Amino acid sequence: MSLFRKLPFVALGFALALTGCKFIETAELAARKEAAAKPKAGVGATAMWGAQVVPYFNEKAHPFAEVRPAIAADLDAAGRSFGYREVQEGAPWNFAVRVKGTVVAANTQSRAATAELDTDGDGKGDVTLQLGPVIKGTSIRDVLPFVSFTQYSNQIEFADVAKAFNNQAYETALKDLPRDKLVGASVEATGVFTMKSKGDKIALTPVLLSLGGGT
């Protein structure tokens, strides 16, 4: 068989080989590389917790006694002075604060356990401490200027980061609390709460917490 007779079969074999290959557009390939380079949800949360998150709270948390009256006067002004939000218009404000007070009530039967903290001495709880193990919300994540939605591939991964931080708060600050001895105890806590309006109830997620004796 001559060379010219073989050529059609060679071309046909090459065409069939091509059907088994998938060509990826340049833009799609670039997007895949970018997604692979982004941090996966929750990965590295433990390392970030000790290296960045706790130091941030130690440095940036404001006394609650200063933040509370500022919020009562003007939430947005208080947010600009004491808070943080990644989206600058219309989003809730997140406040990193240090609080001191006495536990006046506790609900420790629920997995979303809480304690009511009196910070001004009037005998009434004005801050709700989230004790976990179920911790609601994304306040820890949302108060951190070095954690952004743009670092993650989608909303699900971003939500998983918030869960990882909440788990770290529980494991490092809240897990070993003597829950049957909370009422009457003095508390010092550093944490964060989120407010959409100045009438919102203050639910603090502690990052650091120390428990004293009864008063």
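Everything numeric here is computed off the predicted structure, so don't read it as measured data.
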Problem - Close side-chain approach of Thr194 to Thr205, heavy-atom, < 4.5 Å - result: no
Practice task
Kindly indicate whether the side chain of Phe57, heavy atoms from C-beta on, has any atom under 4.5 Å from the side chain of Leu144.
Solution key: yes
Exercise for the section: Evaluate the ring planes of Trp49 and Phe165, with Trp represented by its six-membered ring, and classify them as parallel (under 30°), tilted (30 to 60°) or perpendicular (over 60°). Expected result: tilted
Exercise for the section: State, to 0.1 Å, how close Val103 and Ala115 come at their nearest heavy-atom pair, and which atoms those are. Expected result: CG1-CB, 4.1 Å
Exercise for the section: May I ask you to test the Leu211-Lys181 pair for a side-chain heavy-atom distance under 4.5 Å? Expected result: no
Problem - Heavy-atom pair with the smallest gap, counting every atom of Ala113 and Gly132 - result: CB-O, 3.4 Å
Handout entry: Asp142 side chain to Glu86 backbone, donor-acceptor under 3.5 Å
Key = no
Practice task
Decide yes or no on side chain to side chain contact (heavy atoms under 4.5 Å, CB included) for Val187 and Val99, but give the supporting numbers first.
Solution key: CA-CA 8 Å; Val187 168; Val99 300; 5.6 Å; no
Exercise for the section: Measure the spacing between CG of Asn94 and CZ of Arg141 and express it to the nearest 0.5 Å. Expected result: 9.0 Å
Handout entry: Non-hydrogen atoms of Ala112 and Lys136 that approach each other most closely
Key = CB-CE, 4.0 Å
Handout entry: Student check: side-chain heavy atoms of Phe146 and Met48 closer than 4.5 Å
Key = yes
Practice task
Following the transitive rule for hydrophobic clusters with a side-chain heavy-atom cut-off under 4.5 Å over Ile, Leu, Val, Met, Phe, Trp and Tyr, establish whether Val87 and Met195 coincide in one cluster.
Solution key: no
Exercise for the section: Verify whether the ring centers belonging to Phe95 and Phe82 lie closer than 6.0 Å. Expected result: no
Practice task
Evaluate the side chain to side chain contact (heavy atoms under 4.5 Å, CB included) criterion for residues Leu204 and Leu117: first the C-alpha distance (whole Å), next the side-chain angles of each, then the deciding distance (0.1 Å), finally the verdict.
Solution key: CA-CA 10 Å; Leu204 185 83; Leu117 192 66; over 6 Å; no
Problem - OG1-NZ distance between Thr190 and Lys100, expressed to the nearest 0.5 angstrom - result: 10.0 Å
Problem - Within 6.0 Å of CD in Gln109, more than 12 heavy atoms from elsewhere - result: no
Handout entry: Nearest heavy-atom neighbours spanning Pro92 and Lys196
Key = CG-CG, 3.7 Å
Problem - Atom of Gly212, atom of Ala185 and distance for their closest heavy-atom approach - result: O-CB, 3.6 Å
Handout entry: Donor-acceptor contact below 3.5 Å, side chain Arg98 vs main chain Ala61
Key = yes
Practice task
Determine whether Leu209 and Val134 fall in the same hydrophobic cluster, where Ile, Leu, Val, Met, Phe, Trp and Tyr are linked whenever their side-chain heavy atoms lie under 4.5 Å apart.
Solution key: no
Handout entry: Nearest-0.5 Å distance that lies between atom NE2 in His62 and atom OG in Ser81
Key = 8.5 Å
Exercise for the section: Check whether any side-chain heavy atom of Asn166 sits under 4.5 Å from a side-chain heavy atom of Tyr170, and report yes or no. Expected result: no
Show me, pair by pair, the donor-acceptor contacts under 3.5 angstrom made by side chains of residues 64-74, not counting sequence neighbours?
| residue | atom | partner | partner atom | Å |
| --- | --- | --- | --- | --- |
| Arg68 | NH1 | Asp120 | OD2 | 3.0 |
| Asp74 | OD1 | Asp76 | N | 3.1 |
| Asp74 | OD1 | Ala77 | N | 3.0 |

Handout entry: Residues Asp126, Ile202; criterion side chain to side chain contact (heavy atoms under 4.5 Å, CB included); working and verdict
Key = CA-CA 7 Å; Asp126 44 65; Ile202 296 173; over 6 Å; no
Problem - Expected output: side-chain Asp118 to main-chain Val104 donor-acceptor under 3.5 Å - result: no
Problem - Any donor-acceptor N or O pair under 3.5 Å, side chains Thr114, Thr128 - result: no
Exercise for the section: Flag the pair Thr108 / Leu177 as yes when at least one side-chain heavy-atom distance between them is below 4.5 Å, and no otherwise. Expected result: no
Completion exercise
Note: Ala162 and Thr138 closest approach over all heavy atoms is CB-CG2, 3.6 Å
Problem - Full working for side chain to side chain contact (heavy atoms under 4.5 Å, CB included) between Leu174 and Leu129 - result: CA-CA 10 Å; Leu174 304 170; Leu129 299 176; over 6 Å; no
